[in-house]
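See structure below.
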Amino acid sequence: MKRSLGQILTIGGGLFGLAVVVLLPFWFVATGSIKAPQEIIARVPTLLPQSVTLRHFDKLLGASDYPRYLGNSLLVGLGSTVITVVLSVLAAYGFYRLRFPGRDLLFRAVLVAYAFPGILILIPLYGMMSQAGLIDTPAALVIVNVTFASPFAIWMMRSFFASIPAELEEAALIDGASRLAILLRIMVPLAAPGIASVAIFAFIASWTEYLFASVLILSDANRTLPVGFAGIIGQYQIDWGLLLAGATLATVPVVILFGIVGRWFIAGLTAGAVK
């Protein structure tokens, strides 16, 4: 369908405006991290830095516990992502291809669990973690992140598996392949976009999680980035340069992950939505 020049300009202008709205805050954060303090708090903001300095990054990495918090977040984020991907792939394939009593009911129950706000189960979950001796450990956060990310991940992977022709599995079964071999050798390679989508979703959810990290982690040594960074910006005053530098570095792992599997992420979301 051909579009008129007016339609093209309207769509292009809308996309440009949306890009500005989305990207402009990130631009101010990134450029603000290298501005002098006087320029950051100036009455009239500057689009381009008039003075460039790395003092905020030096202070952040050399005079604070930010590197430790960053390492803790990477540990929790990567652990949560790997476990979520493995569990969601296995569970989704089971819900899609295996026949067992109560399958549909159990699948709906998993989706209903995703709808509950985390604050509702904060107290009982804290009691369970305390009895298990997991308070103030990264394992507690990994378990919580996997618990909340898995329902949506299972739904996404189940929809993606449903888009793969069943004839491929039937041919493999005739050749004598087991269900596990079919999953690992046929389904997983074909479902790579969906797996990439799940991985990005799980990592970002873990990377930005604050509620449970602020309650289940007690010691400063085990704090993740959102909780730890909130404590180093000052109780009565805010060092804006330090805050902007920390925010800039916090986006780097997410940008790198999305840059690696970004095209698979878009393909995975599209396939899951169509089905």
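These numbers were taken from a predicted model, which means no experiment stands behind them. One is the number of the first residue; the rest follow in order along the sequence.
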For Y69 together with F229, are the ring centres under 6.0 Å from each other?
no

Any side-chain donor-acceptor pair under 3.5 Å between E209 and T224?
no

Here the pair of heavy atoms bringing V142 nearest to S80 is CA-OG, 3.5 Å

Distance-only polar pair, side chains of Y93 and R179, donor-acceptor under 3.5 Å
yes

If only atom types and distance count, is the side chain of S159 paired as donor or acceptor with the main-chain N or O of W155 below 3.5 Å?
yes

Donor-acceptor pair, N72 side chain versus A221 backbone, under 3.5 Å?
yes

What pair of heavy atoms forms the shortest contact from T46 to K35, and how long is it?
O-NZ, 2.7 Å

Tell me if the centroids of the rings in F161 and F95 come within less than 6.0 Å of each other.
no

Can any side-chain N or O of T81 pair as donor or acceptor with the backbone N or O of G77 at less than 3.5 Å?
yes

Report yes if some heavy atom in the side chain of V198 is under 4.5 Å from a heavy atom in the side chain of F203; otherwise report no.
no

Within one Ile-Leu-Val-Met-Phe-Trp-Tyr cluster: L180 and M187, side-chain cutoff 4.5 Å
no

Close side-chain approach of T53 to I34, heavy-atom, < 4.5 Å
no

Is R55 salt-bridged to D58, cutoff N-O under 4.0 Å?
no

Interatomic spacing from OH in Y66 to CG in L225 - rounded to 0.5 Å
4.5 Å

Heavy-atom donor-acceptor pair, D65 side chain to R68 backbone, under 3.5 Å:
no

Do S33 and H56 have side chains that approach each other closer than 4.5 Å (heavy atoms only, starting at C-beta)?
no

More than 12 foreign heavy atoms under 6.0 Å from CD1 of I123: is that the case here?
no

Counting C-beta onward and ignoring hydrogens, is there a side-chain heavy-atom pair between F212 and I217 closer than 4.5 Å?
no

